[in-house]
Amino acid sequence: MAKKSMIARDIKRRKLAAKFSKRRVELKKTIADESVDYDTRWQAMIELQQLPRDSSASRQRNRCAISGRPRGYFRRFGMSRSKLRDLILRGEAPGVVKASW
């Protein structure tokens, strides 16, 4: 099980990213648009830098929904390999069957 502080930090980052996502998209669009004058683009760059660092989506870490484990994460199921294996062995993961030949 991951440290509770790391799980809480990741949850905080997800909330911040959701809160500021529209503003970040607007600012990035302004910065990338070359038809806008230089001063406006520069001001958009500064405003983007003023946003909280944790509001960036790239700072989030994929974590297991059950244990919070950051490694061995399967996006399709939203959990780590060890917890996914337990679910598959119990037959609780839909569409997955343990291989046998």
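Keep in mind that this is a model prediction, so the values were computed, not measured.
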A.B. asks: Taking the side chain as C-beta and beyond, is there a heavy-atom pair between Met6 and Arg63 under 4.5 Å?
C.D. replies: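 The answer is yes, as the side chains (C-beta and beyond) meet within the 4.5 Å cut-off.
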A.B. asks: If two hydrophobic side chains count as joined below 4.5 Å and joins carry through other members, does Phe20 share a cluster with Val25?
C.D. replies: no
A.B. asks: If only side-chain N and O atoms count, and only distance matters, is there a donor-acceptor pair under 3.5 Å linking Ser55 with Arg24?
C.D. replies: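 Short answer, yes.
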A.B. asks: Could Asp10 and Arg14 be called an ion pair, given the rule that one side-chain N must be under 4.0 Å from one carboxylate O?
C.D. replies: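 A salt bridge links Asp10 with Arg14.
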A.B. asks: Show the nearest heavy-atom pair for residues Ser67 and Ile7, with the distance to one decimal.
C.D. replies: O-CD1, 4.1 Å
A.B. asks: Answer whether the closest heavy-atom distance between the side chains of Arg9 and Arg61 falls below 4.5 Å.
C.D. replies: no
A.B. asks: Are the side chains of Glu34 and Arg41 in contact, using a 4.5 Å heavy-atom criterion?
C.D. replies: yes
A.B. asks: I need the Leu16 CG to Ser56 OG distance, nearest 0.5 Å.
C.D. replies: 11.0 Å
A.B. asks: Are there more than 12 heavy atoms of other residues, nucleotides or ligands under 6.0 Å from atom CZ of Arg85?
C.D. replies: no
A.B. asks: As an exercise, state the distance from CD of Gln50 to CE of Met45, rounded to the nearest 0.5 Å.
C.D. replies: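 Going from CD on Gln50 over to CE on Met45, the span is 14.0 Å.
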A.B. asks: When clusters are formed by joining ILVMFWY residues with side-chain heavy atoms under 4.5 Å apart, either directly or through shared neighbours, do Ile31 and Ile46 land in the same one?
C.D. replies: yes
A.B. asks: Between Val96 and Tyr73, is there shared hydrophobic-cluster membership here, with clusters defined by ILVMFWY side-chain heavy atoms closer than 4.5 Å?
C.D. replies: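 Not linked; separate clusters.
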A.B. asks: Could you please spell out the steps behind the side chain to side chain donor-acceptor pair (under 3.5 Å) verdict for Thr40 and Asp37?
C.D. replies: CA-CA 6 Å; Thr40 308; Asp37 65 298; 2.6 Å; yes
A.B. asks: Going only through I, L, V, M, F, W and Y residues with side-chain contacts under 4.5 Å, is there a path from Leu27 to Tyr38?
C.D. replies: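 Yes, Leu27 and Tyr38 fall within the same hydrophobic cluster.
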A.B. asks: Measuring from atom CD1 of Ile88 to atom NZ of Lys83, what distance do you get when rounded to the nearest 0.5 angstrom?
C.D. replies: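 Rounded to the nearest 0.5 Å, the CD1-NZ separation comes out at 13.5 Å.
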A.B. asks: Below 4.0 angstrom, N of the basic side chain to O of the carboxylate: do Lys29 and Glu26 qualify?
C.D. replies: no
A.B. asks: Honestly curious: do Trp42 and Val36 fall in one hydrophobic cluster under the side-chain, below-4.5 Å linking rule?
C.D. replies: no
A.B. asks: How about Arg90: does its CZ atom have over 12 heavy atoms from other parts shown lying under 6.0 Å from it?
C.D. replies: yes
A.B. asks: Would you call the rings of Phe74 and Phe77 parallel, tilted or perpendicular, where under 30° means parallel and over 60° means perpendicular?
C.D. replies: perpendicular
A.B. asks: Any salt bridge between Asp54 and Arg13, counting N to O under 4.0 Å?
C.D. replies: yes
A.B. asks: Do Leu87 and Met79 have side chains that get closer than 4.5 Å, going by heavy atoms?
C.D. replies: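 Result yes, sub-4.5 Å side-chain heavy-atom pair found.
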